[in-house]
Trainee: 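Dropping the structure in here first, questions after.
Numbers here simply count residues along the sequence, with the first being 1. Side chains are part of it too, since the values below use all heavy atoms of this structure and drop only hydrogens, waters and symmetry mates. On a predicted model such as this, the values are computed, not experimentally measured, just so you know.
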Amino acid sequence: MIEVHMNEGGHQWEKTNLTTLGGDNGRSTYDTYRCTACGLTGKMYHFNHITVQERSRKKLFSCPGMKKTRKIRITCCRAVGSQFANLTPDSIHEVIPTPPGNNGNNGVWVMGVGEPVKVLNGEFTYINE
């Protein structure tokens with residue numbers, strides 16, 4: 001399962017059920033969502049986080065509604081270390097490709113002080129160019 005933040009990535013999520021589902025026999029409650037741009041479906045078990053099945057990974061990252069921007073604005077950075085010194089609130093950074101051997105889940109990669117660093121979802125907003 002892949003968990004993505006509802007407000008990141010450009011999907012236009014729309015709730016498809018009227019009432020919360022699940023909760024029977026000790027199961028978790030959830031709401032179902034569908035992207036109006038690409039048709040991808042997912043479930044929200046936790047506030048603002050949609051869970052998508054692993055088999056939908058390609059569709060998740062190829063939505064026509066995806067933001068085409070390659071820049072982000074830092075809202076807050078909770079990381080510690082000298083390589084994060086340039087990630088101050090309201091600073092703008094260009095997104096770089098994920099370094100080999102790392103993953104791009106739950107955030108984006110930018111250039112820190114002397115090395116690539118990962119900025120987590122919730123610590124930045126995309127800038128529309």
Side-chain angles (χ1 to χ4, degrees):
M1 297 295 234
I2 306 166
E3 190 171 296
V4 294
H5 194 276
M6 182 178 191
N7 299 325
E8 302 291 339
H11 289 280
Q12 287 90 41
W13 295 109
E14 184 176 80
K15 187 174 174 181
T16 58
N17 57 302
L18 294 175
T19 60
T20 301
L21 304 171
D24 303 342
N25 302 327
R27 294 187 319 178
S28 297
T29 58
Y30 63 91
D31 291 312
T32 56
Y33 282 81
R34 181 178 179 276
C35 176
T36 57
C38 67
L40 181 66
T41 59
K43 295 179 181 179
M44 182 186 292
Y45 294 98
H46 307 289
F47 184 68
N48 273 351
H49 287 85
I50 295 182
T51 303
V52 178
Q53 292 188 359
E54 185 68 37
R55 68 175 182 241
S56 300
R57 179 178 291 275
K58 184 176 179 183
K59 194 171 191 177
L60 176 67
F61 297 113
S62 63
C63 178
M66 291 285 274
K67 295 178 181 169
K68 301 300 182 201
T69 183
R70 299 305 304 163
K71 292 187 179 183
I72 61 169
R73 180 185 313 271
I74 304 295
T75 55
C76 67
C77 182
R78 295 180 282 278
V80 178
S82 60
Q83 63 272 32
F84 296 97
N86 64 337
L87 301 180
T88 58
D90 290 329
S91 61
I92 296 173
H93 301 273
E94 189 167 330
V95 176
I96 61 173
T98 302
N102 295 293
N103 69 37
N105 298 344
N106 301 323
V108 296
W109 287 85
V110 299
M111 198 61 191
V113 178
E115 65 181 271
V117 294
K118 186 177 190 179
V119 182
L120 300 176
N121 291 337
E123 296 183 338
F124 67 91
T125 57
Y126 287 101
I127 298 174
N128 293 327
E129 295 179 337

Trainee: In the structure I gave you, are the side-chain heavy atoms of Pro89 and Cys76 within less than 4.5 Å of one another anywhere?
Mentor: no

Trainee: Assess the residue pair Thr75 and Thr125 against the criterion (side chain to side chain contact (heavy atoms under 4.5 Å, CB included)); give the C-alpha distance rounded to whole Å, side-chain angles, the decisive distance to 0.1 Å, and a yes or no.
Mentor: CA-CA 7 Å; Thr75 55; Thr125 57; 3.9 Å; yes

Trainee: Under the side chain to side chain contact (heavy atoms under 4.5 Å, CB included) criterion, do Tyr126 and Val108 qualify, and how do the steps go?
Mentor: CA-CA 10 Å; Tyr126 287 101; Val108 296; 3.7 Å; yes

Trainee: So how far is it from Glu123 CD to Cys77 SG, rounded to the nearest 0.5 Å?
Mentor: 5.0 Å

Trainee: Hey, what do you get for CG (Leu21) to OG1 (Thr29), rounding to the nearest 0.5 Å?
Mentor: 9.0 Å

Trainee: Should Val52 and Tyr30 be counted in the same cluster of Ile, Leu, Val, Met, Phe, Trp and Tyr side chains packed under 4.5 Å apart?
Mentor: no

Trainee: Can you measure from OG1 (Thr36) to CD (Glu14) and round to the nearest 0.5 angstrom?
Mentor: 6.0 Å

Trainee: Within a reach of under 6.0 Å around NZ of Lys58, are more than 12 heavy atoms found that belong to other residues, nucleotides or ligands?
Mentor: no

Trainee: Would you compute the distance between atom CZ of Phe124 and atom CD1 of Ile127 and round it to the nearest 0.5 angstrom?
Mentor: 11.0 Å

Trainee: On a heavy-atom basis, which atom in Ala37 and which in Gln12 lie closest, and how many Å separate them?
Mentor: CB-OE1, 3.0 Å

Trainee: Which side chain to side chain donor-acceptor pair (under 3.5 Å) pairs, counting each pair once, include a residue from residues 78-92, with sequence neighbours left out?
Mentor: Ser91-His93

Trainee: List the atom pairs, donor and acceptor, that lie under 3.5 Å between side-chain atoms in residues 39-49 and the rest of the protein, sequence neighbours left out.
Mentor:
from: His49; atom 1: ND1; to: Phe47; atom 2: O; distance (Å): 3.1

Trainee: Show, in sequence, the C-alpha distance, side-chain angles and deciding distance for Leu60 and His11, and conclude whether the side chain to side chain contact (heavy atoms under 4.5 Å, CB included) test is met.
Mentor: CA-CA 8 Å; Leu60 176 67; His11 289 280; 3.6 Å; yes

Trainee: Are Val95 and Phe84 grouped together when hydrophobic residues (ILVMFWY) are joined by side-chain heavy atoms under 4.5 angstrom apart?
Mentor: yes

Trainee: Quick one: list whatever passes side-chain contact (heavy atoms from CB on, under 4.5 Å) with Ala85, sequence neighbours left out.
Mentor: Val113

Trainee: Going through the checks in order, is the side chain to side chain contact (heavy atoms under 4.5 Å, CB included) test met by Trp13 and Ile50?
Mentor: CA-CA 9 Å; Trp13 295 109; Ile50 295 182; 3.4 Å; yes

Trainee: Which pairs, with at least one residue in residues 108-119 and sequence neighbours excluded, count as a side chain to side chain donor-acceptor pair (under 3.5 Å)?
Mentor: Asn103-Lys118

Trainee: Side chain to side chain donor-acceptor pair (under 3.5 Å) with Thr20: which residues, sequence neighbours excluded?
Mentor: Asp31

Trainee: Are side-chain heavy atoms of Lys15 and Thr32 found at a separation under 4.5 Å?
Mentor: no

Trainee: I need the minimum non-hydrogen distance between Ile72 and Val110, along with the two atoms involved.
Mentor: CD1-CG1, 3.7 Å

Trainee: Using a 4.5 Å cut-off between side-chain heavy atoms of Ile, Leu, Val, Met, Phe, Trp and Tyr, which other residues end up in the same hydrophobic cluster as Met1?
Mentor: none

